[in-house]
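Read the structure below first, then the notes.
Just so it is clear, the structure is predicted and the values come from calculations on it, not from any experiment.
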Amino acid sequence: MSLSSSADVKESVVVAGEVFTKDLSEFGGIEGRKQLERKLLWKIDLRMSILVLIYVLNYIDRNNAGAARLHGFEADLHLKGQEFATLLSILYVGYIIMQIPSNMLLNWMGKPSWYLPLCMMIWGMLSILTGMTLPFNFLGALLTRFFLGFVEAAFFPGALFLLSKWYTRKELGLRTAILYCGNIMSNAFGGLLAAGILSGMDGKLGQAGWRWLFFIEGSLTVFVAICAIFILPDFPATMKSLSPLERKLALLRMAEDVGEGDEEDKGEEHNQWTGLTLAVTDWKVWWLAFALLSQVLSLSFNAYFPTLTATLGFKSTTITLLLTVPPWFFATFVSFFNARHADVTGERFWHISGPILLGIVGFVISLSTMNTAARYIALFLEAQSYAGFIVLYTWLSNSFARPPAKRAVALALINAWSQLGNIAGSYIWASAWGPTYRKSYGVCVAAAGLTIAMCYVFRQHLIQLNRKLDRKEQTIGRKITFRYLY
């Protein structure tokens, strides 16, 4: 292949404060590199797509207690008072404890294709065990839910970290949105699956329908986990199926994106414990952790969605579960297009705040009226607020680019801390506050408003940091490729 000029094959990138020249001739020039990059992204996208299915099952296994509650779960186990809320909240205790150690272990191992599916198999088996819980055995159900959260903690921060090892900041928003759409779709598919199992399997082999719900969904999780071992990619440096040229390009792309190579330096500067120290001493990590906690609290209606749908007044459990589906399909489409537009424009704050503001409108409608049509429309507005949640997660990865050890801990710490919102949220939907749940929705309005305010402060701080980078660029006389997205 002939090349028109040396400019076609050579570019420079600033890495760790020095200028390095990249020779693109080994990729076949600029056009050759573009073709190879498209091929590489297509290959990785295909492998990463299973993360969506895993996330669907992750949330179905986590939230199926809400559907089971409508079909005898609470009555058969003779739960009383706040015991059901405690079963929901205890999952997040285990979830919080394990997230940071899990991501540190994943970063050290470098083998997500084994680590994540193994955790998935364990949580699938724990879901099956939940269906075997005996009457009056609150402690058994409590322990099963605790360890379910303990093992599930590996997946989401691990998946975010895996995506951040392969995709540039401009590509990450869309991929994070597609991944998180698995969470949103789990509410839709979970409702459909639960409606079918609870109505069709109740009494089969002498078992209640809610037990079959845990048996079938847990078994499906284990099956998909086995398949995932052969599909999920590892990190660029540890994935054996890449050609040497593909591996070099994958690493080079990340170096260009943040102005520094993304491979872990095994020296003292970037080891796992240093990454932990860098994360916990960065105030930005804690600021975003509290912002995300506030938003998670505002989204706590998710676990009680079947209960809130039941306030529409339909007597049939099957109809109630089917009515939970359309709001989540709507939320999936809004989330995808919102994240896609955020990627194209490089803007973050308004793509976070806009859906949250619409969600606040939904909360206000719900606490203001018991009209069936109005409350159902409100459920659509509330569900779509997840669109802002997705872009906020993308913002996390964008804002802590280097080193990988810090990014791994930061993502896990922020996500773990935010789960305190789920623990608190488990108790703000008390049956005594129903069927209007005005107090519950009031908490959601306040939490959503706080999230917007904290994100605005963070946006202004990033603007100031970018201005400092502009001044530094003028001072040193060469281009600095990295800028914060806001």
For this session: Could you give me the CA-CA distance, side-chain angles and deciding distance for Tyr441 and Thr436, then say whether side chain to side chain contact (heavy atoms under 4.5 Å, CB included) is met?
Result: CA-CA 9 Å; Tyr441 283 118; Thr436 61; over 6 Å; no

Exercise. Tell me, do Met201 and Phe215 make a side-chain contact under 4.5 Å, heavy atoms counted?
Worked result: no

Exercise. Got a second to check how far Phe214's CZ is from Thr221's OG1, nearest 0.5 Å?
Worked result: 12.0 Å

Problem set entry | Output field: ring centroids Tyr95/Phe150 closer than 6.0 Å | no

For this session: Any chance you could lay out the side chain to side chain contact (heavy atoms under 4.5 Å, CB included) test for Ile54 and Leu57, step after step, and finish with the verdict?
Result: CA-CA 5 Å; Ile54 294 174; Leu57 295 172; 5.9 Å; no

For this session: Can you measure from CD (Glu347) to CD1 (Ile352) and round to the nearest 0.5 angstrom?
Result: 8.0 Å

Problem set entry | Backbone N/O of Gly124 and side chain of Ser127: donor-acceptor pair under 3.5 Å | no

Problem set entry | Trp350 CH2: over 12 foreign heavy atoms closer than 6.0 Å | no

Exercise. At what distance, to the nearest 0.5 angstrom, does NZ of Lys111 lie from OG1 of Thr238?
Worked result: 5.5 Å

Seminar exercise, completed: The reported gap from CZ in Phe363 to CD1 in Ile356 (rounded to nearest 0.5 angstrom) is 9.5 Å

Exercise. For atom OH of Tyr427, is the number of surrounding heavy atoms from other residues, nucleotides or ligands below 6.0 Å larger than 12?
Worked result: yes

For this session: Would you check, one step at a time, whether the test side chain to side chain contact (heavy atoms under 4.5 Å, CB included) holds for Tyr167 with Leu41?
Result: CA-CA 9 Å; Tyr167 297 108; Leu41 284 175; 3.7 Å; yes

For this session: For the residue pair Phe389 and Tyr393, categorise the inter-ring angle as parallel (less than 30°), tilted (30 to 60°) or perpendicular (more than 60°).
Result: perpendicular

Problem set entry | Residues, nucleotides or ligands: over 12 heavy atoms within 6.0 Å of Phe84 CZ | yes

For this session: For residues Trp429 and Tyr437, establish whether the separation of their ring centroids is below 6.0 Å.
Result: yes

For residues 75-83, tabulate all N or O donor-acceptor pairs below 3.5 Å that involve a side-chain atom, not counting sequence neighbours.
from  : atom 1 : to     : atom 2 : distance (Å)
Asp76 : OD2    : Trp210 : NE1    : 2.7
Glu83 : OE1    : Lys80  : N      : 3.0

For this session: Assert yes or no for the condition that the ring centre distance of Tyr386 to Trp328 is strictly below 6.0 Å.
Result: yes

Exercise. Do Thr451 and Ser294 have side-chain N/O donor and acceptor atoms under 3.5 Å apart?
Worked result: yes

Exercise. Centres of the Phe349 and Phe458 rings: under 6.0 Å?
Worked result: no

For this session: State whether the number of non-hydrogen atoms from other residues, nucleotides or ligands found under 6.0 Å of Trp212 atom CH2 is greater than 12.
Result: yes

Problem set entry | Heavy-atom pair of closest approach, residues Ser241 and Met239 | OG-CE, 3.1 Å

Exercise. Could Asp234 and Lys240 be called an ion pair, given the rule that one side-chain N must be under 4.0 Å from one carboxylate O?
Worked result: no

For this session: Return yes if some donor-acceptor pair links the side-chain N/O of Arg459 with the main-chain N/O of Met454 below 3.5 Å, else return no.
Result: no

Seminar exercise, completed: For Val296 and Gly421 the tightest heavy-atom approach is CG1-C, 3.9 Å

Seminar exercise, completed: Paired with Ser366, the side chain to side chain donor-acceptor pair (under 3.5 Å) test is passed by just one of Glu382, Arg375, Arg438, namely Glu382

For this session: Step by step, work out the side chain to side chain contact (heavy atoms under 4.5 Å, CB included) result for Ile365 and Thr369.
Result: CA-CA 6 Å; Ile365 293 173; Thr369 181; 4.2 Å; yes

Exercise. Crowded around Tyr376 OH? As in, over 12 foreign heavy atoms under 6.0 Å?
Worked result: yes

Exercise. Taking it one step at a time, do Ser102 and Tyr115 satisfy side-chain hydrogen bond (donor to acceptor under 3.5 Å, both in side chains)?
Worked result: CA-CA 9 Å; Ser102 175; Tyr115 181 71; 2.7 Å; yes

Problem set entry | N/O donor-acceptor pair under 3.5 Å between Gln384 side chain and Leu381 backbone | yes

Exercise. Got a sec: does the CZ of Arg340 have more than 12 other heavy atoms crowding it under 6.0 Å?
Worked result: no

Exercise. Is Asp343 salt-bridged to Arg348, going by a charged N under 4.0 Å from an acidic O?
Worked result: yes

Exercise. For the side chain of Arg253 and the backbone of Trp166, is there at least one donor-acceptor N/O pair under 3.5 Å apart?
Worked result: yes

Exercise. OG/Ser440 to CG/Leu308 distance, rounded to the nearest 0.5 angstrom?
Worked result: 8.0 Å

Problem set entry | Ring centroid separation Phe329 to Phe380 under 6.0 Å | no

Problem set entry | Trp42 CH2: over 12 foreign heavy atoms closer than 6.0 Å | no

Exercise. Parallel under 30°, tilted from 30 to 60°, perpendicular over 60°: which one fits the rings of Phe156 and Tyr55?
Worked result: parallel

Exercise. Would you find a donor on one side and an acceptor on the other, under 3.5 Å apart, between the side chain of Arg69 and the backbone of Glu74?
Worked result: no

Exercise. Which residues satisfy the salt bridge (Lys or Arg N to Asp or Glu O under 4.0 Å) test with Asp282, sequence neighbours excluded?
Worked result: Lys284, Lys406

Problem set entry | Any pair counted as side-chain hydrogen bond (donor to acceptor under 3.5 Å, both in side chains), so long as it reaches residues 143-152, sequence neighbours left out | Arg62-Glu152

